[in-house]
Each structure stands twice: as C-alpha cells, then as structure tokens.
Amino acid sequence: MSSDTRFDPASADARWQHAWDQAQTFRADSNSIKPKSYVLEMFPYPSGRIHIGHVRNYTMGDVLARYKKATGHEVLHPMGWDAFGMPAENAAMEKGVHPGGWTRANIEHMKAQLKRLGFALDWSRELATCEPDYYGHEQALFLDLYEAGLVYRKESEVNWDPVDMTVLANEQVIDGKGWRSGAEVEKRKLNQWFLKITDFAEELLDGLGSLENWPDKVRLMQENWIGKSRGLEFSFDLSGGEKLPVYTTRPDTIFGASFVAVAADHPVAQGLDSDAARDFIALCKRGGTTAAELETAEKLGFDTGITATHPFTGADLPVYIANFVLMDYGTGAIMAVPGHDQRDFEFATKYGLPIPRVVAASAEDAGKPFDGEAEAGEGVLVNSDFLDGMAVEDAKREIIARIEQQGRGQGKTVWRLRDWGVSRQRYWGTPIPFIHCDTCGVVPAPKDSLPITLPEDVDFQTPGNPLLRHPTWKHVDCPKCGGKGIRETDTLDTFVDSSWYFLRFASQPADKPFDKDEIAKWLPVEQYIGGIEHAILHLLYARFWTRALAHMGQIDVKEPFASLFTQGMVTHETYYSTKTVQVRAEGETEYRPMKTLDRFYSPEEIIRTSDGATLKDNGAPVEVGRVIKMSKSKKNVVDPDTIIDTYGADAVRWFMLSDSPPERDLPWSEAGIEGCSRFVHRLWRLFGAFDGGARGADQALDRQVHRTVAAVAEDIESLGFNKAVARIYELTGAVEKAQGSASRSAAVRTLAQLVAPMMPHLAEEAWAAMGQQGLVADADWPTVDPTLLVEDEVTIAVQHKGKLRDTLTAPKGAAREDLERLALASEKVQRSLDGAEVRKVIVVPDRLVNIVT
RNA sequence: GCGGGUGUGGCGGAAUGGUAGACGCCGGGGACUUAAAAUCCCCUGAGCUUUGCUCGUGCGGGUUCGAGUCCCGCCACCCGCACCA
C-alpha cells in the first residue's frame, strides 16, 4: 500500500461498519461453547440525539467487548431504549406530537448515530421499553410479584398542581410552584401502588458484601440509603391521657430531651381543633416533598399546648408540630435532643427551648456550653442520672433495657429504606394491569389479556391524565364477576422498565419475559457501565427486582451486575458575553453600572485562541467561563454527528478514552480532538510502512512490544483506558524510531491489533492493507512471551536526606551490599554528604538506596 | 441539611509509602517548502548566586530514613437525596 494515501474516515467508517453487519460479527450466540462475557452499558433515554456522554459510555463498553471477543469469549453486547418517560409527554404538550411517534423517531435517529460510531453491538437483540412486546411481559412480571405478595396499595402523598390538574414530579416543582402553571403546589394523598422492597432490605444490604467489583462509594451510598439503624421505640404519656410512640436512634441522650415533635400528618397534629393549628399544617403542606427541601427549609414549629411526661425525670415536655419531622420514618414523632442533634438544636434556638448537655468529652466537661451547634459525636454521658459516666454505646443498651423492663417500649431495628412507590399518574408508561370493580375490589388482569396496550388516540391539550379522561379505554368488564369494571389508569415508574431489561437482552422468547436456562448462560452481567447518578435508585431497584425474581424461582441469579463501573461526565468550557446594566439598591438614590451575563454562545459560534475567545461573526471578544457539564442552557454542547463528520469515528472514540481516567470528568476540547485526529493519521502512515519481508531482530523493540501488549491488556481489563492510550503512544514513538527489521514489522502489525478495540475502522483498514486474513475484529489478541517481560537491568535511585542525589544502573537482583557500595562511591553523593557521618543506609532492592546522616 | 466524591505544571493527567510531573494538549525554537498546510526534530513546573541548589501535589498539623500516597483538622468544588432518566 502507498504511504502517501491519506486515511479517509468517511469512506473507511462506512465500509467496515457494512462489513461487520454483513458478517454478523457481533451477533451473540447463546449456544457457543466459548466462555460467555456479558458487557452492558446503561441504555439511553431516546431524547432525540445522542449526547457526547453516551459516546463516552458506549465507547468504554465497546473497547471491553471487542477485547473480550479477541481473548476468546462469546460476547453479549446489546443496545436498547429506555423509551417511556416524561419528556415524550412534554413534547406532546409543547409540539402537539404523539409521544409514541416522537419517541420512535428519536430512536431511529439515535440508532443511526450509534451506528456511525462503529460500536460492536448485537442489534438483533434491540428492544424498546415502550413497545407492547416489552411492557406486556413487564405486566406479567408485575402480576407475578402481586401473587408473591410483593405488590400492595396504600395512600401516599404527591405534588399536586391545582391549575394543570396533574401530579408533578419533584423536578417540575420550582420554589414550591408548578413549572408550567406557576401555581402553588399542594401535597395531596392518593391511593398508589407499591413494591415491597423493604422485605428485601436485609438481603440487599448483605448482598453488597459480595459485590467486590463494585466501587466502594456506590456500595457505601446504597448501605446508607438502606439505612439500617438500631434504636428505641417507646411511648410518652401525653397530658390528654393518650400515649405517643416515638422512635430514636440515640436513646442514650434521653435525659437531654427538651421537647417532643410530631409530623404535620401525625394523628396528634391532625386531631387539633384550632384554626392556628390547621393554618400551620397547611403551611407545612406547601412546597416540595423532597428530603432536601424539607431539611434545608427553615425549621418551623407549632406549640400544640399538649405536654408529654418524661419517663425518667417526670418533667413536662412541650409537644410541637415540626416541619422537619417525617411521617414516613419511624413513628412520625421524635423526642428532640437539641444538644446532640443539629435539627433539634436549630429548632430549640429558634423557639427558646432549653439545650441541656448530656454527652461530653469527659465528666469534667459536663457544664461546657455549646459552640453554636449540636455535638453528635462520641463521649461519656453527663447530667443523666444513672447513665452518668457511661460510654454512648453502653448507655444505649442500658436505657433500652430499662424501658423494656418498664414495658414502655422496646429496642427496634428501623430502616431508612421505604417501599418503592411505582404509580405514576401519566400516559407514557406501562399500564398497571389491574381492574377496579365495585363488587370485587381491585382485581388483577388475567394474564391472557396481556399486553394491556396504551390507547393511541389521546390528546395532551387538556389538563389532567389522558388515560383517565379517555372515553373508552378504561371501561372493561371485571374478570371476576363480569360486571362493569374500570382499568387502573396509573402507569409504572420507568425505573421498573430498567429493572429487568438486562434479562430481556439475554433471552427474548415471544411467549414469556425470558427463559430461565438462557438467563443462566449469560447472567450476571460481567461488566456494567453507566453514570454515577444511578448509584442508588436504578441499581438498587434492579438488584431488588432480580432478587424478587430469584425468590419466585424464575431465575437463578441473585445479583445482576457482577462488576460495576461508574464513568465521569463530559464537560466543556462555557462562552458568554456580558452587558452593563444600571442598578440601584434599595434605599440608594444613584444608579450605578453593573456587569451582568448577557448570553451564552455555543462552541460553534466562537473562535478559541490560546488566550481567549472571539465571536466568529464580528470578532468581538467573549468571556471564557468555567468548565462544566455540558448542558443546553449553557450552550456548551458539542454534537457527536458534527464531530464525526469532521474527524471520523475513530478520532472521536480515541478522544473519549484519552487523558482523563474514565471515572473522572472529561473536558471536551477542540485542541484535544485535533490531536487525536493527528494521531489517527500518524498511525496510518506507520501502518503504511509495514514491510512483511523485512529481516533481522531488534530485541529492545521486541521487549517493548511484549511489555506494551501485556500492559494494555491489563489496562483494558481494569478499564484504565487512559493508561492504555499512553502506552500505545509510547510504543508508537518507539516503532517510528526503530530501524527496519522483522521485529519492527511485527511491531507494526501488533500495534494495529492493540488499537483495534479503540479505533476499529482504522485497524480494519490497516489489517487489510497489510494483507492479513479476515477481519481484525475476529483476530485473536496478540500473545505475550513472558520471558521478554523480565528486565535484566534496573535504575536505582540514590537519596541522601530523603532527596534524590544520583541514579545508577545495576543488574536486576543486585545484592544490598553492592548497591550500598555503588551508591556511596557516587561522586554526587559524596559531594552531598560533604564528609558527614553515615548513620544508616536503607536499601530497597531494585529500587533505591537512601543514606541517612 | 444529610450522604458520597474530587483537588498534582498554562490544561487533561501519570506515579505497589521509594527518582513527582510518564503520555497527550497548549506554547516557544528549528528543519522541509517560493510560500502555506501537513510532517519531522528540540525545549517547556517555579525560583536562584545555574558543574548545581532551593521550593513544589488545595490549606494547617502529624507518623516515617522517606508522604501526592498513611493519620488528624480545615477549605473549595462536584454528585445523590426516593415522581428526571
């Protein structure tokens, strides 16, 4: 081949993508006798266009999948669409398009975009969760869970927009108001469907221990989320004569309780008969329902006038309604210990309640005042009668024992984890397969009536749930009594869809969700890759769903993802212009100029130089802002199609793998992708210099080639792509410098194989041009000769006073005494020593000598 | 607020407690060219009294012969918080 022919990505990409399709190179065969490897990336929501973050995610998985194939595995690497969800309904409302049409058009476009990147995917297993042949099986599984007693209904609160007559997602509530209507959001109670994830709390917690190949941080986050805590539940006697059960994880601090607080929904609060109390409860109901909002909101309380008797001191403690107490956790009522809980501290400060100290560093500190905040740490008990002097843990045990003796309560394990509410009052989701009948109650739909499909003729121009107001859809006969019934009009949370898609990828019979034996062949997923934002919800729900199916005997796997990797985001600089406005602060008479943000510009609108940026249109300078996650509102996005057009798929893929460690954020830069593109062409020139007939050996080069093959393999297996990239750069430089020889020719061919998982199009082109047989995608990973990995000479660092003074070369495995002698003989070392007395010499064989004076 | 993470040159980053800055980008200088692009070569943490020395991994302490790495205390930024996916 001619080395002056430039590599043309546009034609090569299409040619090889077509060749892989034709040969069905990436089709996974369940019946293969090879060891199986299931590589999976989190499937995308079809929002319209592939985001650069997807490109990064899927490129990582692709490199691993191609490498696994080269190392003799039968690889399952599928792709599909998490196709239900709110954006489709938003599009329907804004543009008047049907959610299904919008979603399917998006899928088609995004599939074409993924194909352009040359991913080694088995497209024959593609699935979309919005199609009845997927969600029909999901309905069947939901009915199975119901049979197993894992599904139930209960009242639960939602954000209600009184103008749009609709339930709002948390993200649709902005400052307590509906995002579209601007109306004040209310909390409203609805009967909703729940999955009993709490039945599996202990299992899900214990199971984390077996997930050694999950990041510690994700395991920790799930552990905290499940939140197992040992505490005490006991009852206060109220002034009205009733008993008020409270739950606390700090029973040791009971002598520090200075008031009692209940949630706004608590019966004690609801039972109050005064306008002031009702007003306060209404106030609590405004605003969002999220934990973050509740806990950052200003602490507010209402004194009910009721008092509670302290079980040991007999003191009367005031009972408040407090906006930071959650009805869903514990008993919905707490004993408040302001000295040792920050929320209680803030509340007590605001309402002038006492803040006694009951834990201190030592007994002498019993009278020490608080320094503006609660102290939640360890210490010994003080001012606590019979607990004085005890450590926190001992005091907990003691108080639980006493309360149990009194018959007033008991030690109790409480979980933070709550049951999973799966009801959504929306159209674009899986219909929940139940029928409401006046005589029979809630009746499961018969399995042979599945799939219960969504009606197509819906409109989104009127407020409210389209399923609820559809003229015919919900009317159906009761399967039990044959009388008039009404379909459930709630649909399932889209997290349900993503809780079993990895099973459907592995096995997709038409008549059932999956086949048990086929699941056993592929699961668990060997490597799962996705964003850290899914660390808790998606991954916990998928683990739960898998365990629930195993519990019912439908599958034999308990943990779906053997190894998890969470990749970082793709970020980009922001560009913006400023304008000067005249402002006047309240009370000031003069206006003064203030610089403020005018608008953001997209990277395509500007020219970036080393010291700034200017507008393409008129050369006006713009500000270069922080490097942040790409987002449409900040306009700092790059479109994968555009960059593939310009640089080709391989340069884009290479960029995704270069520099930044995969778990960290990757800053996109024009200069960076230019550099990658240059490297693609540089490699192409090197491949052009392949000479199959060259003679002669170059042992140093052989060694480096084998070292690099071994290292790159290790790097890919540990997903250290940036390190693999650096090693390939190094080897490329060495091969370029080497004289012609058989070693060099072999090195060039090996290099093509090393880059094949990362730059598959270039590699195929080179492979063919070198006259190699078949596709490089089908070729075996180069073998490593272990004898070539052993070094015979090493560089020894010589330190004096812990600082490097000299380096010397010594044979590998040289004796300590020899190294010491060589080090002391060094002229530079002698100069540094300057006659000082050598007190000690530390020798680390093959590494360094440190001389201590 | 609670939970989790990150912090090393101009930039992305590398470094089993053992030579800090591999590799890439940017920048500077040179070669080739009528010229440009492309390509190739060299230099590139800071400072200084420059055969070399000192400082330097967010900040302040500590352990160690030796700390980017381990320990304690801070700061800044990022992510999650149950109806976004």
Side-chain angles (χ1 to χ4, degrees), chain A residues 6 42 44-45 47 82 84-87 158-159 167-173 192 215-218 220-221 223-225 227 289-297 299 324 328 342-343 346 416-426 493-495 498 531-538 540-541 566 568-569 571 610-611 626-629 658-661 663-667 669-676 678-679 681-682 685 722-723 725-730 733 736 795-807 828 831-832 839-842 844 847-853:
Chain A
R6 269 181 76 77
M42 292 178 186
Y45 177 78
S47 58
D82 190 11
F84 274 138
M86 292 204 308
V158 293
N159 301 308
V167 175
L168 296 178
N170 286 331
E171 70 158 16
Q172 296 174 320
V173 180
Q192 307 202 65
D216 288 341
K217 64 175 170 179
V218 175
L220 193 59
M221 282 163 89
E223 189 182 320
N224 290 333
W225 187 258
T289 55
T290 69
E293 277 174 299
L294 291 177
E295 286 173 35
T296 48
K299 305 283 176 286
F324 64 92
D328 287 334
Q342 187 58 25
R343 292 163 301 184
E346 286 167 28
R416 211 186 76 99
L417 183 68
R418 304 202 300 260
D419 275 337
W420 176 11
V422 292
S423 276
R424 297 292 180 271
Q425 294 70 32
R426 287 177 222 295
D493 179 8
T494 57
F495 274 125
S498 53
I532 184 70
E533 66 274 20
H534 294 292
I536 298 173
L537 295 184
H538 161 58
L540 192 66
Y541 292 150
T566 55
M569 297 179 299
T571 57
S610 59
D611 52 351
R626 289 183 23 197
V627 177
I628 55 170
K629 178 179 181 174
S658 301
D659 295 353
S660 286
E663 69 278 9
R664 288 230 219 127
D665 290 350
L666 170 67
S669 80
E670 202 66 22
I673 183 69
E674 297 270 358
C676 292
R678 274 202 297 276
F679 185 61
H681 294 290
R682 181 176 155 204
R685 286 189 298 275
N722 57 322
K723 289 188 251 177
V725 163
R727 293 184 208 283
I728 288 170
Y729 273 120
E730 269 176 304
E736 282 170 339
T795 306
I796 306 287
V798 183
Q799 297 180 335
H800 171 221
K801 289 192 280 196
K803 288 201 173 62
L804 182 74
R805 302 297 162 176
D806 199 3
T807 57
K828 287 176 181 171
R831 202 170 336 126
S832 176
R839 293 194 307 163
K840 194 173 170 188
V841 179
I842 288 146
V844 182
R847 295 295 284 199
L848 67 67
V849 179
N850 188 11
I851 299 158
V852 186
T853 53

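Numbered from 1 within each chain, the chains take letters A, B, ... in sequence-line order.
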- Under 4.0 angstrom, heavy atoms only, what part of the nucleic acid is A:Thr807 near: base, sugar-phosphate, or nothing? base
- B:C79 C1' sits how many Å from A:His538 NE2, rounded? 17 Å
- Item | Closest nucleotide among B:A22, B:G12, B:A82 to the A:Arg416 side chain | B:A82
- Message: Less than 4.0 angstrom between a side-chain N/O of A:Lys803 and OP1 or OP2 of B:U54, yes or no?
- Response: no
- Task: Report yes if the side chains of A:Asp659 and A:Val725 come closer than 4.5 Å at any heavy-atom pair, otherwise no.
- Result: no
- Query: Now, which nucleotide makes the Watson-Crick or G-U wobble pair with B:C2, with each of the two distances under 3.5 Å?
  - Reply: B:G80
- Phosphate OP1/OP2 of B:G12 contacted by A:Ser660 side-chain N/O (<4.0 Å): no
- Task: Once you apply the 3.5 Å cut-off to both distances, tell me the Watson-Crick or G-U wobble partner of B:G24, or none.
- Result: B:C11
- Checking all strands, does A:His534 fall into the base, sugar-phosphate, or nothing category for heavy-atom contacts under 4.0 angstrom? base
- Message: For a quick check of understanding: with a heavy-atom distance under 4.0 Å over all strands, which category does A:Ser498 fall into, base, sugar-phosphate or nothing?
- Response: nothing
- Task: Measure from OH on A:Tyr541 to C1' on B:G80 and round the result to the nearest Å.
- Result: 13 Å
- Touch check for A:Pro44, heavy atoms < 4.0 angstrom, all strands: base, sugar-phosphate only, or nothing? nothing
- Paired nucleotide for B:C40 [Watson-Crick or G-U wobble; both distances under 3.5 Å]: B:G30
- Message: Closest-nucleotide mapping onto RNA chain B: is A:Lys217 or A:Arg343 further toward the 5' terminus? I mean the 5' end.
- Response: A:Arg343
- Contact class for A:Leu220 (heavy atom, under 4.0 Å): base, sugar-phosphate, or nothing? sugar-phosphate
- May I ask you to verify if any side-chain N or O of A:Arg678 is less than 4.0 angstrom from the OP1 or OP2 atom of B:G24? no
- Message: Just confirming the chi classification of B:G60, syn or anti, using 90° around 0 as the syn window.
- Response: anti
- Message: Base, sugar-phosphate or nothing for A:Glu730? Non-hydrogen atoms, less than 4.0 Å.
- Response: sugar-phosphate
- Task: Ignoring the backbone of A:Glu533, work out which of B:C65, B:G52, B:G80 is nearest its side chain.
- Result: B:G80
- Query: Going by modelled atom types, is there a donor-acceptor pair between the base of B:G3 and the side chain of A:Asn224 at under 3.5 Å?
  - Reply: no
- Task: Respond yes when some side-chain nitrogen or oxygen of A:Arg664 is under 4.0 Å from OP1 or OP2 of B:G13, and no when none is.
- Result: yes
- Query: Nearest of B:G24, B:U19, B:C26 to any side-chain atom of A:Asp659?
  - Reply: B:G24
- Message: Rounding to an integer number of Å, can you tell me how far A:Ile673 CD1 sits from B:C26 C1'?
- Response: 16 Å
- Query: Of the nucleotides B:A85, B:G18, B:A15, which has the atom closest to the A:Pro87 side chain?
  - Reply: B:A85
- Let me know the distance between CD of A:Glu223 and C1' of B:G3, rounded to the nearest Å. 12 Å
- Query: Does A:Arg424 place a side-chain N or O at less than 4.0 Å from the phosphate oxygens OP1/OP2 of B:C83?
  - Reply: yes
- Item | For B:G60, the Watson-Crick or wobble partner whose two distances fall under 3.5 Å | B:C72
- Task: Assign A:Phe324 to base, sugar-phosphate, or nothing according to its heavy-atom contacts below 4.0 angstrom with the strands shown.
- Result: nothing
- Query: Looking at B:U16, B:C83, B:C23, which one has an atom nearest to any side-chain atom of A:Val167?
  - Reply: B:C83
- Item | Any-strand Watson-Crick or G-U partner of B:U16, both distances under 3.5 Å | none
- Heavy-atom nearest pair, A:His538 first then A:Ser498, reads CE1-O, 3.1 Å
- Task: Tell me whether the OP1 or OP2 atom of B:A14 has a side-chain N or O from A:Asn722 closer than 4.0 Å.
- Result: yes
- Task: Please work out if A:Trp225 contacts a base, only the sugar-phosphate, or nothing of the nucleic acid, heavy-atom cut-off 4.0 Å.
- Result: base
- Query: A:Tyr45 has an atom OH; how far is it from atom P of B:C84, in whole Å?
  - Reply: 13 Å
- Note on the structure: In terms of heavy-atom contacts, A:Val167 and A:Arg426 come closest through O-NH1, 3.5 Å
- Query: When the distance from CD of A:Glu663 to C1' of B:G13 is rounded to whole Å, what number comes out?
  - Reply: 11 Å
- Item | Closest heavy-atom pair and its distance - A:Ala797, A:Leu804 | CB-CD1, 3.8 Å
- Message: Regarding A:Gly531, tell me which of base, sugar-phosphate or nothing describes its non-hydrogen contacts under 4.0 Å with the strands shown.
- Response: nothing
- Distance col, row A:Thr494:OG1 vs A:Arg424:CZ, nearest 0.5 angstrom, shows 7.5 Å
- Message: Is there a side-chain contact between A:Phe495 and A:Val422 in this structure, where contact means two heavy atoms from C-beta onward sitting under 4.5 Å apart?
- Response: no
- Note on the structure: Quick note, A:Leu804 side chain, CB onward, closest among B:A38, B:U19, B:C65 is B:U19
- Query: Heavy atoms, side chains only, cut-off 4.5 Å: are A:Val158 and A:Gln192 in contact?
  - Reply: yes
- Task: Give the nucleotide from the list B:C65, B:A85, B:C83 with an atom nearest to the side chain of A:Asp82.
- Result: B:A85
- Nearest listed nucleotide, side chain of A:Leu537, among B:A82, B:U19, B:C23: B:A82
- Task: Return the value, rounded to whole Å, for the distance between atom CD1 of A:Ile851 and atom P of B:U19.
- Result: 16 Å
- Between the base of B:C83 and the side chain of A:Arg426, is there any donor-acceptor pair under 3.5 Å? yes
- Query: With sugar-phosphate meaning primed atoms plus P, OP1 and OP2, does A:Ala535 contact a base, only sugar-phosphate, or nothing at under 4.0 Å between heavy atoms?
  - Reply: nothing
- Rounded to the nearest 0.5 Å, what's the gap from NE2 on A:His800 to CZ on A:Arg805? Could you check? 6.5 Å
- So which heavy atom on A:Tyr45 is nearest to which on A:Phe84, and how close? CE1-O, 3.4 Å
- Do A:Thr566 and A:Lys217 come within less than 4.5 Å of each other through their side chains, counting heavy atoms only? yes
- Classify the nucleic acid contact of A:Gln192 as base, sugar-phosphate or nothing, counting any heavy atom under 4.0 Å across all strands shown. base
- Task: Ignoring the backbone of A:Met569, work out which of B:C78, B:G5, B:C40 is nearest its side chain.
- Result: B:C78
- Indicate, with a heavy-atom threshold strictly under 4.0 Å, whether A:Ser423 touches base, sugar-phosphate, or nothing. base
- Message: Judged by each residue's nearest nucleotide on RNA chain B, which is more toward the 5′ side, A:Leu417 or A:Thr795?
- Response: A:Thr795
- Out of B:A82, B:C65, B:C23, whichever nucleotide has its closest atom nearest the side chain of A:Ile842: B:C65
- Task: Round to a whole Å and report the spacing from CG of A:Leu848 to P of B:G18.
- Result: 9 Å
- Message: Whether the side chain of A:Gln342 and the base of B:C2 hold a donor-acceptor pair under 3.5 Å is what I'd like checked.
- Response: no
